[in-house]
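Here is the structure we will look at.
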Amino acid sequence: MNINWKQIESKYYMYAVRRQPVVIVRGKGTKVWDDDGKEYLDFTSGWAVNNVGHANSVVAEAIAGQAETLLQTSNQFYTVPQLQLAQLLVDNSCLDKVFICNSGAEANEGAVKLARKYGKVHLNGAYQVITALNSFHGRTLAMTAATGQAHYQEPYQPVPEGFPHVPYGDIDALKLATTDKTAAIMLEPVQGEGGVNVPSLDYLEAVRAWCDEKNILLIFDEVQTGIGRLGTLFGYQIFGVEPDVMTLAKGLGGGVPIGAFLAKEQASVFEPKGEHGSTFGGNALTSAAAYASTKYVLDNDLCQKAKDDGEYLGRVLNDMKARLDGVKDVRGIGLLWAMEFQSDLASELYSVCIDDGLLLGLLGSNSIRLMPPLTVESEEIDQAVQILERGITKVYK
Ligand code: PLP
């Protein structure tokens with residue numbers, strides 16, 4: 001008989017996250033199984049984390065091998081996996097230096113600290129980081145303030161100041177918000193959690209030119225868009241617009257908790273006086289997993305695969321939009337897509353799809369997000385789309 005995990009959670013676990021009635025016990029590739037043995041297609045990838053698929057054997061082997069060798073040391077010492085990962089990330093990006101941490105929010109905190117120090121040293125004490133409305137940058141107190149969605153801040157006011165918000169895609173608003181207090185602009189190259197909003201190339205190019213004109217830093221939060229998700233290893237590469245600082249997490253570790261921020265040489269302004277650090281950041285275990293996972297993405301050309309599969313998925317979703325009454329909009333790039341509906345029945349659709357064996361992300365009350373592992377097979381895309389269409393036909397009849 002199955003243990004009632006739902007009851008155990010309600011007794012012991014803080015009620016901070018609403019769960020679906022599914023206990024996931026196992027995964028392989030795009031598929032996961034619950035404690036009743038029911039199979040699901042995972043088109044959430046643990047929120048864009050399992051880019052190389054669940055239980056990837058190359059990553060599992062790297063984790064097992066590292067666990068038997070060395071898990072962690074104090075950061076007074078060099079460790080090989082950390083430096084191998086650093087070299088891989090720098091050699092494959094436009095950035096020069098990296099610092100490894102444990103999550104996306106922590107990576108963004110590090111990037112903002114870097115920008116504030118840069119402002120202190122080079123910009124007369126400028127400290128503000130302009131971010132976009134509808135952005136999502138994490139849930140630490142400062143990243144809650146950086147996130148341009150008031151409902152995340154409301155329970156914790158006053159949140160740290162220094163994060164003016166402007167509409168995403170509006171270069172004039174960005175220029176108006178820039179003052180002598182501005183140290184940096186921080187944007188997601190494609191807004192993920194805020195609705196899968198793909199900006200125009202003109203916008204990102206204009207932001208880059210504005211940062212150059214004002215000598216301020218451009219930070220790209222690539223926590224969700226990095227590591228192949230948009231069809232290039234880093235999202236900025238698809239737009240051809242280079243940041244001064246870039247943050248990563250999610251897909252970086254193939255499932256283990258890890259984050260990183262990278263910077264151009266001139267923006268790497270920390271000094272070894274306790275200005276930044278982390279007990280677990282860049283530990284041997286998660287670094288070995290991230291090295292194996294990122295190398296797997298590169299060795300297996302998963303970026304090109306994500307681009308091709310994403311074009312196919314986009315075509316099929318747009319075809320559904322043309323045929324089905326309930327669908328209002330389809331947006332996306334690579335393997336990050338959103339479907340918006342005419343009415344607020346997305347959570348009903350989401351539950352119907354779970355019952356039918358498809359896990360999706362819910363975006364507000366009227367949209368869903370699809371972000372399968374980059375290893376997804378074309379039959380799995382077809383299967384997922386069939387389940388989605390059955391669900392839409394049922395819910396939006
Ligand atoms: N930045 C972006 C763009 C994200 O999508 C997320 C998480 O969804 C974060 C930051 C926060 O990452 P984490 O949950 O690892 O702290």
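Whatever order the structure lists ligands and atoms in, that order sets their numbers, starting from 1. Any value given below was found using the heavy atoms of this structure, including those in side chains, with hydrogens, waters and symmetry copies removed. Numbers for residues simply follow the sequence, beginning at 1.
Taking the six-membered ring wherever Trp is involved, the centroid distance between the rings of Tyr203 and Tyr168 falls below 6.0 Å. Proximity of the aromatic rings of Tyr236 and Phe220 is defined here by a centroid distance below 6.0 angstrom, and this criterion is not met.
Looking only at distances, a side-chain donor or acceptor of Gln153 sits under 3.5 Å from a matching main-chain atom of Thr144.
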Can Tyr152 and His137 be said to form a ring-ring contact (aromatic ring centres under 6.0 Å, His included), step by step?
CA-CA 11 Å; Tyr152 286 118; His137 297 296; over 10 Å; no

Ligand 1: which protein N/O atoms lie under 3.5 Å from its N/O atoms?
{"residue": "ligand 1", "atom": "1 (N)", "partner": "Phe136", "partner atom": "O", "Å": "3.3"}
{"residue": "ligand 1", "atom": "1 (N)", "partner": "Asp221", "partner atom": "OD1", "Å": "3.3"}
{"residue": "ligand 1", "atom": "1 (N)", "partner": "Asp221", "partner atom": "OD2", "Å": "2.7"}
{"residue": "ligand 1", "atom": "5 (O)", "partner": "Gln224", "partner atom": "NE2", "Å": "2.9"}
{"residue": "ligand 1", "atom": "8 (O)", "partner": "Lys250", "partner atom": "NZ", "Å": "3.0"}
{"residue": "ligand 1", "atom": "15 (O)", "partner": "Gly104", "partner atom": "N", "Å": "2.8"}
{"residue": "ligand 1", "atom": "16 (O)", "partner": "Gly104", "partner atom": "N", "Å": "3.4"}
{"residue": "ligand 1", "atom": "16 (O)", "partner": "Ala105", "partner atom": "N", "Å": "2.8"}

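Considering CG of Leu298 and CG of Asn92, their distance stands at 5.0 Å, rounded to 0.5 Å.
Residues in residues 388-397 take part in these salt bridge (charged side-chain N to carboxylate O under 4.0 Å, His left out) pairs, two or more places apart or across chains: Arg323-Glu389, Asp356-Arg390.
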